[in-house]
Amino acid sequence: MRQLQTNVHKTDLWQEELVERLKWLINIRWAAVIFIIAATFTSIYLFNVSFPDLPVYLIAIFIALYNAIFKFYINKRSAGNLHKTIRRFAILQSMLDILSLTVLIHFTGGAENPFIFYFIFHTILTSMLLSKKEAYIQACIISILTVGLFTLEYLNTLPHHSVNGFLGIDLYKNKIYTAAISFVLTSTIFIATFFTASLAEKLKNREKELEEAHLKLLEKDRLKDEYVKMVSHDLKSPLASIQSLLEVVIGGFAGTLDEKVKEVLQRIQKKTEFLHHYAKDLLDLSRIRAEKNLNLKIFNIKEAIDTAVEIASSKMGEKDIQLNIEIDAQLPDIKADRELITYAFLNLIANAFKYTQHGGNVWIKVSRKNGYIIAEIKDTGIGIPSNDMPHIFEEFFRAGNVIKTTKGTGLGLAMTRHIIERHGGTISIESELDKGTTFRFTIPVSAK
Ligand code: ADP
């Protein structure tokens, strides 16, 4: 007995989210660099405020430099590689930011500078990226650095750089002010850390739950595909045998048949043929869905279309339909899964024949544009009711105007869409009831 295998790869969505947020932080840092330079320039030259501007510009350059390195690193490493070091990467960025901001505050008025509250923005932004423990360690480091800076300036161990013309002079020497600003800053930082870190933790847990639910659904979907594949495979072979046996009996090779019996057997043959076709479509669809890699080969697309036209024409029966083929003579060979691309053309051409009345027209046009093959299969057939159009590529869907008149599985278009999208292409449809339908699809000249 065959076994259903389970092997869904667990993707770490949270890690991907972290990479996204780090990219976002890098963009914010560019804005911060521009802000520091612009604010320094305008306050000195427009508002005649004075403070040591050279260290401030140097800090801005330092921030820009490490930001550029981070940007280069995050763009260069593949997502898989980055995930192993992402935590350390986030911590390193946070530490460098804290250090730069502390030095910046030191050169622009220390405890007197209201921009010290920018540490709170920093806390909120980074606490989302770090673990709860790391976020609290970060809050401690900020508190130690800032309170340390204020104290050292208060004790004159570190020189104080006043911002003349803007900030209250010599407030840093005031014991009560220094103590109060230290208390307000550190308590706000810890409160911000508490709220952000607990919110981030809740979000992380929620995301984990959603991810698990998503994986379970994927797994169920995969099991369903496996199951359908197994059942359709097991149905297909005996159905093929029944068909061959019926052919032998109807052909009179097992003895002469009464006309009535022959008629009944022919009806059975038709039904079996449809069942066989159904099992084959189901099997093909589940195979395509389950297949991870395309069997890429370089081939001539015209040959694939010729094969599809030949098979579709053989299924058309007595119907007289004018087929017009316009294939760009300059079409290059393409790199794709030959079998699947032939299958996609076959589905669309066979449908065009199937849903076009006697005396109608079908066009196949294929050209090339910007590295893509553009194919169009157009017919003057029965068209599709507009309310059915949004569902036309869904599995098992058949439009209201065909259900009673023609037999079908509703799987061909779903499969075609899968094939095109797996190749990195797109498919679209235009249709007018009783006038005709056009399917257009693109595939890259060289699929990956
Ligand atoms: P099937 O043809 O076996 O029913 P498909 O998946 O190939 O299944 O097509 C789904 C539905 O789309 C068809 O049942 C039909 O309603 C509609 N359809 C597809 N191609 C055409 C066409 N060329 N003209 C009109 N209707 C079409």
Side-chain angles (χ1 to χ4, degrees), residues 225 228 232 235-236 239 270-289 305 307-309 311-317 319-326 339-366 374-422 425-442:
D225 277 352
V228 171
S232 40
L235 280 177
K236 211 180 120 208
L239 280 170
K270 273 227 160 86
K271 302 245 179 235
T272 328
E273 205 177 290
F274 177 70
L275 269 180
H276 184 238
H277 178 64
Y278 209 145
K280 187 183 160 301
D281 270 6
L282 268 176
L283 187 61
D284 287 340
L285 180 65
S286 36
R287 266 194 195 138
I288 292 169
R289 279 168 59 113
I305 298 170
T307 312
V309 169
I311 304 173
S313 305
S314 69
K315 287 184 182 173
M316 191 166 45
K319 236 193 236 175
D320 180 22
I321 287 173
Q322 172 77 37
L323 176 65
N324 314 278
I325 305 181
E326 289 172 36
E339 200 188 329
L340 294 186
I341 294 296
T342 310
Y343 205 70
F345 271 106
L346 173 61
N347 272 334
L348 297 177
I349 298 168
N351 272 354
F353 288 160
K354 184 167 154 188
Y355 297 113
T356 299
Q357 303 89 334
H358 189 76
N361 267 285
V362 170
W363 291 267
I364 303 171
K365 285 188 197 162
V366 187
I374 309 200
E376 190 178 289
I377 289 97
K378 183 175 167 188
D379 63 57
T380 54
I382 59 169
I384 298 166
S386 55
N387 56 330
D388 285 334
M389 290 281 277
H391 309 285
I392 215 71
F393 291 104
E394 288 171 13
E395 287 164 22
F396 303 105
F397 185 83
R398 305 198 71 225
N401 60 336
V402 305
I403 292 176
K404 290 203 179 117
T405 51
T406 50
K407 272 198 173 299
T409 60
L411 291 171
L413 285 186
M415 224 173 334
T416 307
R417 195 194 69 188
H418 264 293
I419 294 172
I420 304 298
E421 290 180 353
R422 283 288 303 279
T426 53
I427 182 162
S428 63
I429 175 174
E430 261 173 46
S431 186
E432 205 177 327
L433 198 58
D434 299 327
K435 289 253 162 66
T437 303
T438 307
F439 283 94
R440 254 179 228 104
F441 72 83
T442 63

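Both ligands and their constituent atoms are indexed starting at 1 by order of listing. All residue numbers refer to positions in the sequence shown, counting from 1.
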Review point. Should the proximity of Leu413 to ligand 1, defined as any heavy atom under 4.0 Å, be assigned to the side chain, the backbone, both, or neither?
Key: both
Practice item. Please check if the side chain of Ser286 supplies one atom and the backbone of Leu283 the other of a donor-acceptor pair under 3.5 Å. Key: yes
Exercise for review: Keeping the roles fixed (side chain from Lys319, backbone from Lys354), state whether a donor-acceptor pair exists under 3.5 Å.
Suggested key: yes
Exercise for review: Apply side chain to side chain contact (heavy atoms under 4.5 Å, CB included) to the pair Tyr355 and Asp379, showing each step before the final yes or no.
Suggested key: CA-CA 8 Å; Tyr355 297 113; Asp379 63 57; 5.6 Å; no
Study note, to complete from the structure: So CG of Leu411 and CG of Asn347: to nearest 0.5 Å the spacing works out to 9.5 Å
Practice item. Could you tell me whether Thr437 approaches ligand 1 through its side chain, its backbone, both or neither, with non-hydrogen atoms closer than 4.0 Å? Key: side chain
Practice item. Just need the protein heavy atom nearest to atom 20 (N) of ligand 1, so name the residue and atom and give the distance. Key: Asn351 ND2, 3.3 Å
Review point. So, do Phe439 and Phe345 have ring centers that fall under 6.0 Å from each other?
Key: no
Study note, to complete from the structure: closest protein heavy atom to atom 3 (O) of ligand 1 is Thr409 N, 2.9 Å
Review point. Taking 4.0 angstrom as the limit, do Arg289 and Glu395 come out as a salt bridge?
Key: yes
Point to revise | Closest approach of any protein heavy atom to atom 21 (C) of ligand 1, naming residue and atom | key: Tyr355 CD1, 3.5 Å
**Study point:** His358 (side chain) donor-acceptor with Asp320 (main chain) under 3.5 angstrom
**Key:** yes
Check your understanding: Any heavy atom of Met415 sitting closer than 4.0 Å to ligand 1?
Key -> no
Review point. So is Ile392 in contact with ligand 1, going by heavy-atom distances below 4.0 Å?
Key: yes
Practice item. Identify, for atom 23 (N) of ligand 1, the protein heavy atom at the shortest distance, and state residue, atom and that distance. Key: Asp379 OD2, 2.9 Å
Point to revise | Test of proximity, Lys407 against ligand 1: N or O pairs below 3.5 Å | key: no
Review point. At the 4.0 Å heavy-atom cut-off, does Phe393 count as touching ligand 1?
Key: no
Review point. Is there any N or O on Phe397 that sits under 3.5 Å from an N or O of ligand 1?
Key: no
Practice item. Please determine if Gly410 has a nitrogen or oxygen closer than 3.5 Å to a nitrogen or oxygen of ligand 1. Key: yes
Point to revise | 4.5 Å side-chain heavy-atom contact, Glu430 and Arg440 | key: yes
Practice item. Only one of Asn401, Ile429, Val402 passes side-chain contact (heavy atoms from CB on, under 4.5 Å) with Ile384; say which it is. Key: Ile429
Point to revise | pair Leu348-Leu413: side-chain heavy atoms closer than 4.5 Å | key: yes
Review point. Taking heavy atoms and a distance under 4.0 Å, where does Leu411 meet ligand 1: side chain, backbone, both or neither?
Key: backbone
Review point. Closest non-hydrogen protein atom to atom 4 (O) of ligand 1, residue and atom name please, with distance?
Key: Arg398 NE, 2.5 Å
Practice item. Would you check whether Lys354 has a nitrogen or oxygen atom less than 3.5 angstrom from a nitrogen or oxygen atom of ligand 1? Key: yes
Check your understanding: In the protein, which heavy atom is nearest to atom 26 (N) of ligand 1, and how far is it?
Key -> Ile384 CG1, 3.3 Å
**Study point:** Ala399 N/O to ligand 1 N/O under 3.5 Å
**Key:** yes
Review point. Any donor and acceptor pair, going by atom type alone, linking the side chain of Arg422 with main-chain N or O of Leu340 inside 3.5 Å?
Key: no
